Amino acid sequence: MAPQGSRAELEFGGPLGAAALLLLLPATMFHLLLVARSGPARLLGPPPYLPELEELWSPWALLLCLTWLGLQAALYLLPARKVAEGQELKDKSRLSYPINGFQALVLTALLVGLGVLAGLPLSALPEMLLPLAFAATLIAFIFSLLLYLKALVAPASALAPGGNSGNPIYDFFLGRELNPRICSFDFKYFCELRPGLIGWVLINLALLMQEAELRGSPSLAMWLVNGFQLLYVGDALWHEEAVLTTMDIIHDGFGFMLAFGDLAWVPFTYSLQAQFLLYHPEPLGLPLASVICLINAVGYYIFRGANSQKNAFRKNPSDPRVAATGRRLLVSGWWGMVRHPNYLGDLIMALAWSLPCGVSHLLPYFYLLYFTALLVHREARDEQQCLRKYGLAWHAYCRRVPYRIVPYIY
Ligand SMILES: NC(=O)C1=CN([C@@H]2O[C@H](COP(=O)(O)OP(=O)(O)OC[C@H]3O[C@@H](n4cnc5c(N)ncnc54)[C@H](OP(=O)(O)O)[C@@H]3O)[C@@H](O)[C@H]2O)C=CC1
Ligand SMILES: CC(C)CCC[C@@H](C)[C@H]1CC=C2C3=C(CC[C@@]21C)[C@@]1(C)CC[C@H](O)C[C@@H]1CC3
């Protein structure tokens with residue numbers, strides 16, 4: 001049985017903060033979905049109206065979400081081009097993970113393409129976003145409850161460092177078990193990359209198709225948003241193995257925060273710019289579109305360059321192209337400029353995803369604002385972990401590279 005009341009420092013404002021976030025996160029998601037389709041599209045202020053339960057609940061939407069999860073689970077179980085080993089666990093063992101996320105994206109695209117040719121009404125999806133988001137939230141709540149119960153019978157060595165405070169609300173939110181699995185099926189790894197990220201680009205595509213039906217052809221702004229975000233999702237799935245070294249996989253338990261984040265928050269709020277464009281068409285000329293493409297390219301160049309440098313360094317710390325402090329820390333290249341260059345690139349891309357929507361509304365910039373807050377908070381959490389892991393070498397690195405994310409600013 002798992003020990004209760006671990007002494008790990010409480011995060012997210014403790015049980016009260018966790019309880020507030022349990023309500024606030026879904027409420028924010030529904031607020032955004034409602035505002036995106038309303039005329040004034042005011043991010044700040046009350047929602048345009050409060051939907052009735054009939055508008056939110058649809059058994060078909062629930063069935064569609066479950067079918068989607070079933071399809072992605074089936075693709076996860078297909079033979080993989082590679083099986084990667086995760087980081088060493090408390091009991092010195094290592095888990096295996098299939099590397100076939102990109103294959104799942106391609107196969108999903110083929111299936112959807114065939115479906116559309118056979119008459120699948122993909123452009124009807126935008127009309128169902130509210131009930132789909134409601135179904136995904138319901139699934140996330142029930143799934144997190146099952147994960148919480150599963151952790152009650154997990155051995156102590158399987159528990160996450162946080163998320164085992166003994167307070168049920170806090171632990172339900174953060175997640176108790178580190179790598180909940182049934183046989184070799186890893187729930188956290190599966191959810192982190194596949195149903196949500198692939199669902200996000202599918203929703204974008206459906207919005208593009210509906211715009212084409214409504215206005216004769218998709219707008220340039222809609223093409224840009226779809227293209228940029230497809231590149232981002234394709235990149236994440238192509239480099240799937242890198243997710244095994246993120247704090248979500250190594251450190252965090254699997255609870256409501258990640259289950260809701262992966263299954264509901266990512267597909268329904270990360271597609272906000274495309275949703276906005278369907279209801280608020282934005283004319284975009286070629287010169288401005290070219291500048292926006294350039295901004296996305298710069299962001300991607302920094303993001304990919306930084307992540308690839310770190311991956312190369314991890315595989316071979318004595319690689320002559322990357323100098324080390326002697327204690328497993330990169331101090332050259334992008335990592336010699338700021339301590340989180342990959343976050344910087346990610347933020348520049350986030351700006352490029354909002355700009356095609358113009359500057360008349362704040363709503364398309366929600367992602368940029370939320371993401372800045374998420375990365376600042378994430379950077380602070382990571383800093384604590386690096387300090388514990390590297391000690392004096394981390395202090396030396398901070399002195400040598402004083403800025404965290406943005407050179408000379410932060
Ligand atoms: N779109 C979205 O919603 C989100 C996107 N992201 C993106 O996902 C990617 C992964 O993010 P995340 O896991 O947070 O962060 P990182 O990939 O930056 O991982 C942080 C870890 O990198 C290692 N590290 C830090 N500094 C150095 C250094 N100088 N040299 C070598 N190793 C170092 C440490 O791990 P160790 O000690 O194990 O080596 C540290 O814990 C990022 O590109 C981020 O932008 C992240 C969150 C949300
Ligand atoms: C619901 C809350 C506001 C917080 C939810 C956080 C999650 C949405 C994110 C936590 C870490 C994530 C990562 C990614 C997507 C968002 C979540 C799940 C990536 C898969 C995005 C693509 C990158 O290339 C890798 C990222 C790893 C972390």
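Values in this document were obtained by computation on a predicted structure and should not be read as measured data. When a ligand or atom number is given, it counts from 1 through the structure's own listing order. Note: hydrogens, waters and symmetry copies are ignored here, and every other heavy atom, side chains too, is used.
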Among the heavy atoms of [X], does any lie under 4.0 Å from an atom of ligand 1?
| X | result |
| --- | --- |
| K389 | yes |
| R314 | yes |
| W334 | no |
| T245 | no |
| D248 | no |

Between Y49 and E55, does any side-chain donor sit less than 3.5 Å from a side-chain acceptor?
yes
Going by atom type alone, with no hydrogens or angles, which donor-acceptor pairs under 3.5 Å involve a side-chain atom of residues 253-275 and a protein atom two or more places apart or on another chain?
| from | atom 1 | to | atom 2 | distance (Å) |
| --- | --- | --- | --- | --- |
| D262 | OD2 | E192 | N | 3.4 |
| W265 | NE1 | Y370 | OH | 3.3 |
| T269 | OG1 | W265 | O | 2.6 |
| Y270 | OH | Y370 | OH | 2.7 |
| S271 | OG | P267 | O | 2.8 |
| S271 | OG | Q275 | NE2 | 3.0 |
| Q273 | OE1 | Q229 | NE2 | 3.1 |
| Q273 | NE2 | S354 | OG | 3.3 |
| Q273 | NE2 | P364 | O | 3.2 |
| Q275 | NE2 | F268 | O | 3.0 |

Return the CG to SG distance between L363 and C357, rounded to the nearest 0.5 Å.
8.5 Å
Gap between atom CG of L224 and atom CG of L288 - 0.5 Å precision
9.0 Å
Look only at interatomic distance and state if [X] has a nitrogen or oxygen under 3.5 Å from any nitrogen or oxygen of ligand 1.
| X | value |
| --- | --- |
| W394 | no |
| Y367 | yes |
| Y270 | yes |
| Y232 | yes |
| L330 | yes |

If you look only at pairs with a residue in residues 59-108, which of them pass as a ring-ring contact (aromatic ring centres under 6.0 Å, His included), with sequence neighbours excluded?
Y76-F185, Y76-F190, Y97-Y189, F102-W238
min-distance protein heavy atom vs atom 6 (C) of ligand 2 -> L374 CD1, 4.2 Å
Atom 45 (O) of ligand 1: closest protein heavy atom, distance to 0.1 Å, is D346 OD2, 2.5 Å
Under-4.0 Å heavy-atom contact between protein and [atom]:
| atom | result |
| --- | --- |
| atom 19 (C) of ligand 2 | no |
| atom 3 (C) of ligand 2 | yes |
| atom 10 (C) of ligand 2 | yes |
| atom 28 (C) of ligand 2 | yes |

Could you establish whether R378 and ligand 2 come within less than 4.0 Å of each other, counting only heavy atoms on the residue side?
yes
Using a 4.0 Å heavy-atom cut-off, which part of R378 comes near ligand 1: side chain, backbone, both, or neither?
side chain
Which bit of V266 is near ligand 1, meaning a heavy atom under 4.0 Å away: side chain, backbone, both or neither?
neither
Best match, [options]: closest heavy atom to [atom]:
| atom | options | value |
| --- | --- | --- |
| atom 9 (C) of ligand 1 | L375, N342, L344 | N342 |
| atom 33 (C) of ligand 1 | R381, R388, H340, K310 | K310 |
| atom 11 (O) of ligand 1 | F313, Y390, Y343, W265 | Y343 |
| atom 16 (C) of ligand 2 | F12, Y270, W265 | Y270 |
| atom 17 (C) of ligand 2 | V233, D262, D235 | D262 |

What I'd like to find out is whether the side chain of [X] reaches to under 4.5 Å of the side chain of [Y], using heavy atoms alone.
| X | Y | answer |
| --- | --- | --- |
| L351 | N296 | no |
| H340 | R378 | no |
| L125 | M209 | no |

If the test is side chain to side chain donor-acceptor pair (under 3.5 Å), which one of N342, D346, D235 qualifies with N307?
N342
Verify the ring-centre separation between Y300 and Y232: is it less than 6.0 angstrom?
no
For ligand 2, note which part of K188 has a heavy atom under 4.0 Å away: side chain, backbone, both or neither.
neither
Proximity to ligand 2 by part of L25, non-hydrogen separation under 4.0 Å:
side chain
